[in-house]
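Note that the coordinates shown come from a computational prediction; the quantities given were computed from them, not determined experimentally. In the text below, chain A, chain B and the rest are named by the order of the sequence lines, each starting its count at 1.
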Protein chains: 2
Amino acid sequence: MSTAAGGGSVPIPEVVIVRLPLYVRVLTQLRDGGTEVVSSRELGTRLGVTPAQIRKDLSYFGRFGKQGRGYNVSFLVGELRRVLGLDREWNTAVIGVGRLGRAIINYPGFEPEGFRVVAAFDADPDQVGRHFGNVRVRSTSDLDRAIVDEAIDIAIVAVPAAEAQDVIDSLVKCGIKAILNYAPIAPQVPDEVKVRNIDPVLGLQTMTYHLKTMGSDRT
Amino acid sequence: MSTAAGGGSVPIPEVVIVRLPLYVRVLTQLRDGGTEVVSSRELGTRLGVTPAQIRKDLSYFGRFGKQGRGYNVSFLVGELRRVLGLDREWNTAVIGVGRLGRAIINYPGFEPEGFRVVAAFDADPDQVGRHFGNVRVRSTSDLDRAIVDEAIDIAIVAVPAAEAQDVIDSLVKCGIKAILNYAPIAPQVPDEVKVRNIDPVLGLQTMTYHLKTMGSDRT
DNA sequence: TAATGTGAAAACCTTCACAGCT
DNA sequence: AGCTGTGAAGGTTTTCACATTA
């Protein structure tokens, strides 16, 4: 008990969780632009989502608005960040320091959002000991130890497809509960481990379906 | 007419389209590993999806299986690739050749899947004329002309967040119907334009919710 | 026997519509 | 007057379960 906030103790749909970061992003933008209050209608327009959906989504976590007025932007950002666990920093480790892994280590978008890359690993002994960003590459055989030492919360997998499932298995054995996977595979993990896949090719491949099915209203 | 294949003329849910590329990926792996026939149960296990869902999904497009036996892997891969429009090559243009844009141009995962980067654009005159991979950077003001000349099917947006919506507006004006967006924004486009967002931070931010809500069964 | 393809049932998610608060 | 919060309605997606076929 004491875990869930506000509304009721209804189980919260995963789709709702997936939308919250989007809300946070747009709200943050509004706040930084000086907007103090926003209605679900206004927010919905900016997100391409219905106002009712926004109100329903927020209602899972509490009553953040004022009737007749709308939502205080700063307040709502804060509440949603708290709900998502974004009111603290999270430590990540990048596994695989090839082209992609190095790009991830140097990606400037994580740090400002509270995600720090504090460790890097590679199976190739030639890479071990090198420095990228401000992390030193360690051997994959150190995974277990390092994950505890560095208090890693999230693993970022950037190894070739052929090795990815093995790496993910090791991570799971080490007790990792969250994995951001860049390898183009469908990872197998136990239920209690969360995986998000970053895979531009999948995005392209769904769009071609729609491109193909187009212009068919032209004779 | 003659567009929709197989089963019936039921409108096909977008979630189904989104799953197809995953099926293609796992099936391709199986095929390359020498598997000739696969059942929906086997496939489901590898994808973390129920067998019924796979059968229902496939039934939107045709009857690809054999009762009592399963699906011929090579045949099914071919059919699904055809359904998704992956039986041809698609031309893409990368907009923005900063760190991220250059990484995308050099990403080796697109070409083997039939996606070619045939043009690159940047607003910065210092970048115009430079070469990355085997494309020459052009001025963003040439977008319109170049999209027609190079027969660009898909735009890949890799500009800073602040410029992304403007770039997307230009692309839409040029008639682009598919955009792969790497900028951390919620893009606004007309219904007929498809957008897929690649945003690792959103993935991380949904996982922290689950991490936070964990270990609560340990009193 | 084994596994597909599919109507029907169940689960899930979104939208409606309005009471209630500011 | 305006907009939230929310039960109930409506719509969509998933799962079930079985007739059917190899």
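Between dT6(C), dC3(D), dA3(C), one nucleotide has an atom nearer to the side chain of Gln67(A) than all others, and that is dC3(D). Checked against dC3(D), dT15(C), dT4(C), the side chain of Ala52(A) finds its nearest nucleotide in dT15(C). Residue Tyr71(B) has its side chain nearest to dT4(C) when only dA22(D), dT4(C), dG5(D) are considered. When each of dT13(D), dT4(D), dT15(C) is scored by its nearest atom to the side-chain atoms of Lys56(A), the top-ranked nucleotide is dT15(C). Of all nucleotides listed (dC16(C), dT15(D), dG5(C)), dT15(D) comes nearest to the side chain of Gln53(B).
Rounded to whole Å, the distance from CD on Glu79(B) to C1' on dG5(C) is 16 Å. The separation between Asn72(B) atom CG and dT4(C) atom C1' is 15 Å, rounded to whole Å. Atom P of nucleotide dG7(C) and atom CZ of Arg55(B) are separated by 14 Å, given to the nearest angstrom. In this structure, Ile54(B) places its CD1 atom 14 Å from P of dA3(C), rounding to the nearest Å.
The phosphate of dT14(D) (OP1 or OP2) has a side-chain N or O of Arg19(B) nearer than 4.0 angstrom. Side-chain N/O atoms of Arg63(A) include one lying less than 4.0 angstrom from OP1 or OP2 on dT6(D). Note on Thr50(B): every side-chain N or O is 4.0 Å or more away from OP1 and OP2 of dT14(D).
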Residues Arg116(B), Thr92(B); criterion side chain to side chain donor-acceptor pair (under 3.5 Å); working and verdict:
CA-CA 6 Å; Arg116(B) 296 192 304 184; Thr92(B) 74; over 6 Å; no
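Under the 4.5 Å side-chain criterion, counting only non-hydrogen atoms from C-beta, Thr140(B) is not in contact with Ser170(B). Using a 4.5 Å heavy-atom threshold, the side chains of Leu86(A) and Phe115(A) count as touching.
With His210(B) as the partner, the side-chain hydrogen bond (donor to acceptor under 3.5 Å, both in side chains) test is satisfied by one option alone out of Lys177(A), Glu192(A), Glu14(A): Glu14(A).
Ion pairing between Lys173(A) and Asp144(A) fails under the 4.0 Å rule for side-chain N and carboxylate O.
Along DNA chain C, the nucleotide nearest to Phe64(B) and the one nearest to Val49(A) differ in position, and the one closer to the 5' end is contacted by Phe64(B).
Here Arg69(B) lies in heavy-atom contact (under 4.0 Å) with sugar-phosphate atoms only.
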